[in-house]
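We count residues from 1, following the sequence as given.
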Amino acid sequence: RHVAARSRTKRRPYSPAAEGRPRRPRDLDRFSDRLRVRHSAGLADEQAQRNLREHQEDRDLARARGPPDVAGASTGRIVQALRRAGSPPPSTGRPDDAAAAEDLGQRETGTGMAEDPVVQEKPKTPAELDGENFQEMPSVEFWRTWIRRSPVDDVQDFLQSGGGLGALDLGKVRSLAPFSASEWGLYEEGSFRYWSYHLLRSGFFVAQAAAGITASQRTSSEETSGRLLANLTTNAGLRLYTEALQMFRQDFANIKAGAYREPYDMDPRHRQFSPSFILRRTLRFLEEAPRTLKRRSEGVAEDVWLKSPLYPEYYMNTWHFQTDGWLSSTSAGVYETSTETLFLGQQDAMQRTTLVPLSGHLKGRDLAGCKIMELACGTGRFATFVKDNFPDATVTCLDMSPFYLQEARDNFEHWCELRGDTQGSAPGAEFLQAPAEDIPAEDGSYDAITCVYLFHEITQEVRRRVVSEMYRVLKPGGMVVFTDSIQVGDRPELDANIDAFTDFNEPNYTDYVRTDLGALFKSEGFVCGTKEVASRSKVLSFVK
């Protein structure tokens with residue numbers, strides 16, 4: 001359309017001899033015409049930008065017909081070349097045309113526009129940057145390519161392909177891929193015990209989630225509770241449950257590979273098998289769930305009941321819309337049940353992936369005198385798995401909430417009871433109330449630090465201070481194992497809705513999922529190690 005319009009435009013004949021100059025390149029003629037049109041019409045900057053784009057289209061068409069006199073040069077470069085050669089820029093006879101040519105030439109050569117259209121490169125995702133910084137383990141590729149689906153989806157694909165026996169291909173059962181008994185560890189010793197326990201446990205949390213949503217129907221909006229219940233009880237819920245199965249497959253494979261021990265809570269003597277313990281925890285959850293969902297439905301979080309200058313401002317938030325934030329025994333007592341229900345019973349398995357790089361780092365070492373810190377330990381449940389795998393090491397649980405530290409102490413004491421230790425307290429465990437960005441410990445005093453689900457809840461500035469403190473308190477050669485939510489690119493199918501977790505009163509989550517963690521840790525002196533992905537969590541290791 002543009003070329004046709006230009007063919008109808010009457011041009012003033014140009015005579016090089018009349019001006020005593022050699023014939024100019026054809027595209028320079030077009031450029032002079034454009035300058036004349038621009039200034040005679042007094043076009044605004046926006047129109048000038050449009051004209052320049054049209055000029056670039058003309059230039060591309062000219063290149064398609066054949067190389068110009070100055071191969072690959074933009075018009076701005078031609079103007080500059082003529083100036084350097086002593087020839088003035090081409091003029092149409094108007095006194096302002098030389099200034100206009102100089103102005104547009106400068107814009108094209110650096111003071112305004114670029115010489116050619118600037119193509120903005122799409123910024124790399126954190127996952128792509130991880131690929132440049134870390135040794136990626138097989139789990140990274142698996143979760144990057146696995147698509148959340150259920151066996152129902154596989155059956156539908158089978159029926160659409162004709163549904164005959166000839167179309168039956170177990171290799172196309174993508175929801176449970178890799179689809180083989182050996183990959184799922186079904187022939188391994190202890191597989192029946194592991195799978196029986198985890199299927200039962202996960203089923204319990206699915207049922208508890210349904211009960212919590214049902215109990216919330218009187219307090220939260222009908223739309224919210226109805227949508228959540230539908231997501232849980234339809235094929236969408238089955239897809240989430242299939243994802244949990246894939247996480248258990250990975251967890252069991254880590255156990256059989258010797259990365260860590262079988263979970264100690266599979267012991268039938270564990271209190272979670274006690275009906276009275278289960279009843280107490282369930283009632284707490286069913287009391288808390290309606291409150292949480294009501295606040296989420298309304299989008300209004302309560303203020304923390306405690307006003308204290310002892311805590312940083314970012315900490316005084318009722319995360320996830322939970323009652324009292326981190327600052328009550330009620331919150332601490334229901335937290336484990338709430339989060340395991342949210343993840344349909346796979347949270348422990350995701351967190352245990354933290355032990356994979358840690359075990360490799362400490363393998364073969366005398367752990368007497370070894371000190372491991374669990375930073376922002378919360379209820380200390382994961383710290384008990386650390387202690388169970390490294391019983392000779394001293395484990396320090398650091399957190400700002402005295403209520404959660406009390407819960408952590410209770411978890412450690414129960415672990416001791418299962419081991420037959422009757423000392424009444426947790427030997428080899430320390431409990432330290434302090435912020436992660438200001439650790440009250442001497443330089444180079446710890447052999448390893450684990451940090452689980454902290455960084456998505458703190459600001460950029462605080463993250464940098466936490467990393468700096470980690471580096472300070474670690475011994476040379478010490479390791480940090482970082483576990484938190486997946487980020488953009490780790491599971492591309494979830495990228496479109498990855499910011500949805502911000503709706504759980506997580507103000508720093510959107511920023512976290514786009515943070516280059518490798519660059520952050522390297523800026524403080526760390527060396528990047530390995531990367532694992534575990535369902536909706538990622539695990540990174542760093543060495544001082």
Side-chain angles (χ1 to χ4, degrees), residues 150 198-244 265 270-305 317-350 378-379 381 401 403-404 407 410-411 453 497 500-506 509 535-536:
S150 74
H198 282 88
L199 291 175
L200 177 64
R201 185 173 186 269
S202 184
F204 168 79
F205 284 114
V206 171
Q208 184 166 262
I213 295 170
T214 302
S216 304
Q217 289 180 337
R218 289 178 297 178
T219 56
S220 61
S221 71
E222 183 177 343
E223 178 185 358
T224 299
S225 58
R227 184 179 67 252
L228 291 174
L229 194 59
N231 286 343
L232 189 65
T233 57
T234 62
N235 192 35
L238 186 55
R239 290 178 184 135
L240 293 174
Y241 191 74
T242 305
E243 180 174 330
D265 63 349
H270 195 284
R271 60 187 176 185
Q272 68 184 8
F273 290 96
S274 166
S276 61
F277 181 84
I278 294 172
L279 180 61
R280 287 197 305 273
R281 290 296 176 105
T282 299
L283 290 177
R284 287 180 186 176
F285 173 77
L286 294 179
E287 182 180 2
E288 174 66 11
R291 300 173 183 173
T292 301
L293 290 178
K294 181 176 184 293
R295 296 177 196 126
R296 183 192 172 194
S297 176
E298 297 173 350
V300 179
E302 289 187 346
D303 292 333
V304 178
W305 68 275
N317 182 44
T318 50
W319 309 92
H320 322 136
F321 294 108
Q322 64 194 32
T323 303
D324 299 332
W326 305 123
L327 293 173
S328 75
S329 55
T330 300
S331 170
V334 76
Y335 177 79
E336 288 177 13
T337 308
S338 297
T339 53
E340 277 289 22
T341 302
L342 176 65
F343 291 110
L344 305 184
Q346 63 170 321
Q347 179 176 253
D348 278 355
M350 291 192 296
T379 65
R381 181 170 174 84
S401 171
F403 306 100
Y404 276 73
E407 192 74 14
D410 185 54
N411 276 327
Y453 299 160
N497 297 314
F501 195 60
T502 305
D503 297 337
F504 283 82
N505 197 23
E506 290 280 0
Y509 187 78
S535 184
R536 279 165 279 178

For residues [X] and [Y], report the shortest heavy-atom separation together with the two atoms involved.
| X | Y | answer |
| --- | --- | --- |
| F277 | Q272 | CD2-CA, 3.7 Å |
| S150 | T242 | CA-OG1, 3.7 Å |
| S328 | W305 | CB-NE1, 4.2 Å |
| S338 | F285 | OG-CD1, 3.8 Å |
| T337 | F205 | O-CE2, 4.2 Å |
| Q208 | T282 | OE1-OG1, 3.2 Å |

Between the main-chain N or O of [Y] and the side-chain N or O of [X], is there a donor-acceptor pair closer than 3.5 Å?
| X | Y | answer |
| --- | --- | --- |
| H320 | Q322 | no |
| T318 | A301 | no |
| W326 | S331 | no |
| R284 | G333 | yes |
| S216 | G212 | yes |
| T292 | E288 | yes |

**OP:** Would you kindly say whether S535 and E243 are connected by a side-chain donor-acceptor distance under 3.5 Å?
**Re:** yes
The single option from L344, T341, L240 that satisfies side-chain contact (heavy atoms from CB on, under 4.5 Å) with V206 is L344
Residues at least two apart in sequence or cross-chain that pass side-chain hydrogen bond (donor to acceptor under 3.5 Å, both in side chains) with Y335, listed by chain then number, are none
The side-chain hydrogen bond (donor to acceptor under 3.5 Å, both in side chains) partners of S202 (sequence neighbours excluded) come to none
Got a second to check how far [X]'s [atom1] is from [Y]'s [atom2], nearest 0.5 Å?
| X | Y | atom1 | atom2 | value |
| --- | --- | --- | --- | --- |
| L283 | I278 | CG | CD1 | 11.5 Å |
| E302 | F321 | CD | CZ | 10.5 Å |
| F273 | D265 | CZ | CG | 7.0 Å |

With a 4.5 Å cut-off on side-chain heavy atoms, are [Y] and [X] touching?
| X | Y | result |
| --- | --- | --- |
| N505 | R295 | no |
| R201 | E340 | yes |
| T339 | Y453 | no |
| R536 | Q346 | yes |
| V334 | T323 | no |

Derivation and outcome, side chain to side chain contact (heavy atoms under 4.5 Å, CB included), residues E287 and T330
CA-CA 11 Å; E287 182 180 2; T330 300; over 6 Å; no
Checklist entry - Can a salt bridge be assigned to the pair E298 and K294 using a cut-off of 4.0 Å between side-chain N and carboxylate O? => result yes
